[in-house]
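Working notes, beginning with the structure itself.
Treat the numbers as computed from the prediction; the structure is a model and nothing was measured.
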Amino acid sequence: MRMACPCGTRPGALVNLDPSFKSGLPGAGMDTTMVNGMRLLLSSATLLTLFIDPESAGKLSKITWLIFSAYTLHSLLLYVLAVLGLSLPEDILLYWLDVAWYALIVFSSSNHNNLFFLFFFFAILTSSFQRGFEEGARITLASAGLFAATALFGETDAELSRLLLRTTFLLALGYMIAYWGGSAITQRSHLALLRDVSQLSNPRFGVDQTISSVLEKTRSYFNGRSCLLVMQDKGTRVWSLRSVLHTATGVVHTSSLLSDDAASLLLAFAHDKIALYNQPVGPWLPWTGGARMLDPHSGRWLRHDAAAGARLAELLEAHAFISAPLPLRNGKGHIFIVCATSMSKTDALFLSHIGAQAFPVIENIDLLDRLASQAASREREKIARDLHDTAVQPYIGLRHGLAALRNEATPGNPLLPELEKLIIMSGQVIADLRSYARTFKNGQVQSEPELLVALRRQAAQIHEFYGIDITLHIEGDLHINDRLAAEVFQIVNEGMSNIRKHTSARHGAVKLTCVQGALHISIENECAAAHVPDFLPDSLAERAAALGGSARVTHSRLGHTSVQIEIPI
């Protein structure tokens, strides 16, 4: 049975959260021990009550004593396992086991005026605050139904009415507990995602990579089929469209430019309004779906043109979608989540919160990139002028001096061929320096990435000065921006320096690979020692962690030690 959560908890949302959030749920760590301790306390107190006041449960039989004692042993076993840190059964199974035990306890007591039915609230509380509204509602329905079945054993009308009143009380209060438990989990999951998208806004990764990461995190949270972003800068008539699509083979990222006419198909709703569309159950039940927009002034959801929403849903091949405007300073845009299942108003509101949290930071990153590019352009012009004044001009003077010496030499002088060679070489150097200064000033890109050029130059210097041969292997294309490339250069440079300073190796290797959204760096060197103690270079590990990655050291059977670094890109 599928129940709709009024607080907007999405099925599977907790599955998409990072492990740090999951460990903070009530069912993890010390909270698991606490829950099992409370279960043991309740069961022990119940068994003690039977010893002190046996009449509270009515006429006691051997089966009644067996059920109460078995449940106490069951609670003791779960508590011991939790204290020892051993594996426990799935928490969902424990909820339903508790319900079954409580049903047996209520049925086994012949006095139906006792308060043993209150134990059902323990299962409702734990399930609601650990699994959310839907699981809490199921436990509530099951508990109320099993307790109501005790009315079959009622002997008087007064007892039957009392049981029905308690059943209603159990159902109503259990629903409220499930509602607020689901609401608490929803809020925590929202905060966890907002924290994630804020951490993803890292200037080192650049704007494009940051936007792609935010879109994928958002799509994954809503369990959507795709996430689209449409943006337009001020003063332009071109829209940018970015999308993250979940397919059977993986996640596909796309980027394209749209004209005003093409973008208008996606902008069927007002650019400053939050929108929601769900496909109706059928043409005879139009009120079960349709398009709605949030009025920011009244806070009410108003119905929108159903035909426009249906056309956009057909374009997106969506059963449902939500859309929210982006608070951009230098433009406008919308973010869409396309889903195969119905979505709620809470989902649409939270999508707008994601946009308000992430995209102002992304705009700041874009501004910093532009400022850095402008500063770099001015610096290149200054360096180009300095290069002309400090390097080109002296070579020109040297060339003039060599030409003067050649003119002074007699025709039969044996140094004339050497002077001619020196004049030609100086002319080539002057041409190369002028070409380099011109290219550097204009910011032209080399055919090979600067990162690879810098790493090869560094490896050549280590070989020349220290006699250590370090080979460089590149697999695939390195799709990383300049800021991340600078960080990677520092990591690899430090790794090569560690080979020189801390080992006696004469050979090493550096391997760079981009696989499945991550940059893998391997820095390997030969090792003559038979046994190498476990270690981890602190500086490399800190640099990798600052980029959101990790580092580890492995040892191969061939006597090689390798530092493996993985950085998400």
Side-chain angles (χ1 to χ4, degrees), residues 1-17 21-22 24-28 31-32 34-35 38-39 42 90-100 102-103 115 117-148 164-194 221-223 274 276 278 287-289 292 294 299-301 320 322 337 339 341-354:
M1 175 176 165
R2 181 179 177 84
M3 303 188 66
C5 175
C7 54
T9 304
R10 292 197 56 76
L14 294 181
V15 178
N16 297 323
L17 296 177
F21 174 75
K22 290 180 182 178
L25 290 175
D31 289 341
T32 301
M34 183 273 293
V35 170
M38 291 299 101
R39 181 186 288 108
L42 291 174
E90 288 291 332
D91 49 5
I92 295 180
L93 176 61
L94 295 180
Y95 309 147
W96 290 100
L97 282 176
D98 283 337
V99 172
Y102 302 149
L115 300 179
F117 81 99
L118 295 176
F119 285 120
F120 285 110
F121 286 113
F122 179 80
I124 295 172
L125 278 167
T126 54
S127 61
S128 299
F129 282 91
Q130 290 183 352
R131 287 286 176 170
F133 173 79
E134 290 194 0
E135 190 63 28
R138 294 190 188 101
I139 295 293
T140 299
L141 291 175
S143 300
L146 289 173
F147 181 71
L164 292 177
L165 179 61
R166 291 181 177 183
T167 301
T168 305
F169 177 79
L170 179 62
L171 187 63
L173 191 57
Y175 179 86
M176 294 179 63
I177 293 173
Y179 178 90
W180 290 112
S183 178
I185 288 185
T186 299
Q187 292 174 4
R188 294 184 64 184
S189 64
H190 285 180
L191 290 175
L193 180 61
L194 292 176
Y221 176 84
F222 288 104
N223 199 24
I274 302 173
L276 164 69
N278 284 311
W287 61 86
T288 60
R292 289 177 172 82
L294 178 65
R300 297 175 57 190
W301 287 87
I322 52 178
I337 292 292
C339 199
T341 58
S342 297
M343 308 192 78
S344 68
K345 298 173 184 177
T346 305
D347 295 331
L349 289 173
F350 182 55
L351 181 62
S352 68
H353 294 162
I354 295 175

**Message:** To check you understand the geometry: which heavy-atom pair defines the closest contact between Ala103 and Leu146, and what is its length?
**Reply:** CB-CD1, 3.9 Å

**Request:** Please confirm whether the backbone N or O of Ile185 pairs with a side-chain atom of Ser189, one donor and one acceptor, at under 3.5 Å?
**Result:** yes

**Message:** I need the minimum non-hydrogen distance between Ile322 and Met343, along with the two atoms involved.
**Reply:** CD1-CE, 3.6 Å

**Fill in**
Closest non-hydrogen atoms of Ser128 and Gly136, given as atom of the first, atom of the second and distance, are OG-CA, 3.4 Å

**Asked** How far does CD1 of Ile124 sit from CE of Met176, to the nearest 0.5 angstrom?
**Response** 12.5 Å

**Item:** Between CZ on residue Phe129 and CZ on residue Arg188, distance to nearest 0.5 Å
**Value:** 11.0 Å

**Asked** Asp98 side chain to Tyr95 main-chain N or O, any donor-acceptor pair under 3.5 Å?
**Response** no

**Message:** With rounding to the nearest 0.5 angstrom, report the OG1 to CG distance, Thr341 to Asn223.
**Reply:** 6.5 Å

**Request:** Mind checking the OG1-CG spacing from Thr186 to Leu191? Nearest 0.5 Å is all I need.
**Result:** 11.0 Å

**Prompt:** Which heavy-atom pair separates Cys339 from Phe222 by the least distance, and what is that distance?
**Reply:** SG-O, 4.1 Å

**Request:** Kindly determine whether Leu294 and Leu349 satisfy side-chain contact (heavy atoms from CB on, under 4.5 Å), including the steps that lead there.
**Result:** CA-CA 9 Å; Leu294 178 65; Leu349 289 173; 3.5 Å; yes

**Prompt:** Taking C-beta and beyond as the side chain, do Val35 and Phe122 meet within less than 4.5 Å on heavy atoms?
**Reply:** yes

**Request:** Please report the closest heavy-atom contact between Ser127 and Ile139, naming both atoms and the distance.
**Result:** OG-CG1, 3.6 Å

**Request:** Output the distance between atom CD1 (Ile177) and atom CG (Leu125), rounded to the nearest 0.5 Å.
**Result:** 4.5 Å

**Asked** Between CZ of Phe169 and CZ of Phe147, what distance do you get to the nearest 0.5 Å?
**Response** 11.0 Å

**Complete:** Heavy atoms of Leu276 and Lys345 approach each other most closely as CD2-CG, 3.8 Å

**Request:** Please list, chain by chain and in numerical order, all residues satisfying side chain to side chain donor-acceptor pair (under 3.5 Å) with Trp96, sequence neighbours excluded.
**Result:** Glu135

**Item:** ring-ring contact (aromatic ring centres under 6.0 Å, His included) involving Phe350 - partner list, sequence neighbours excluded
**Value:** His190, Tyr221

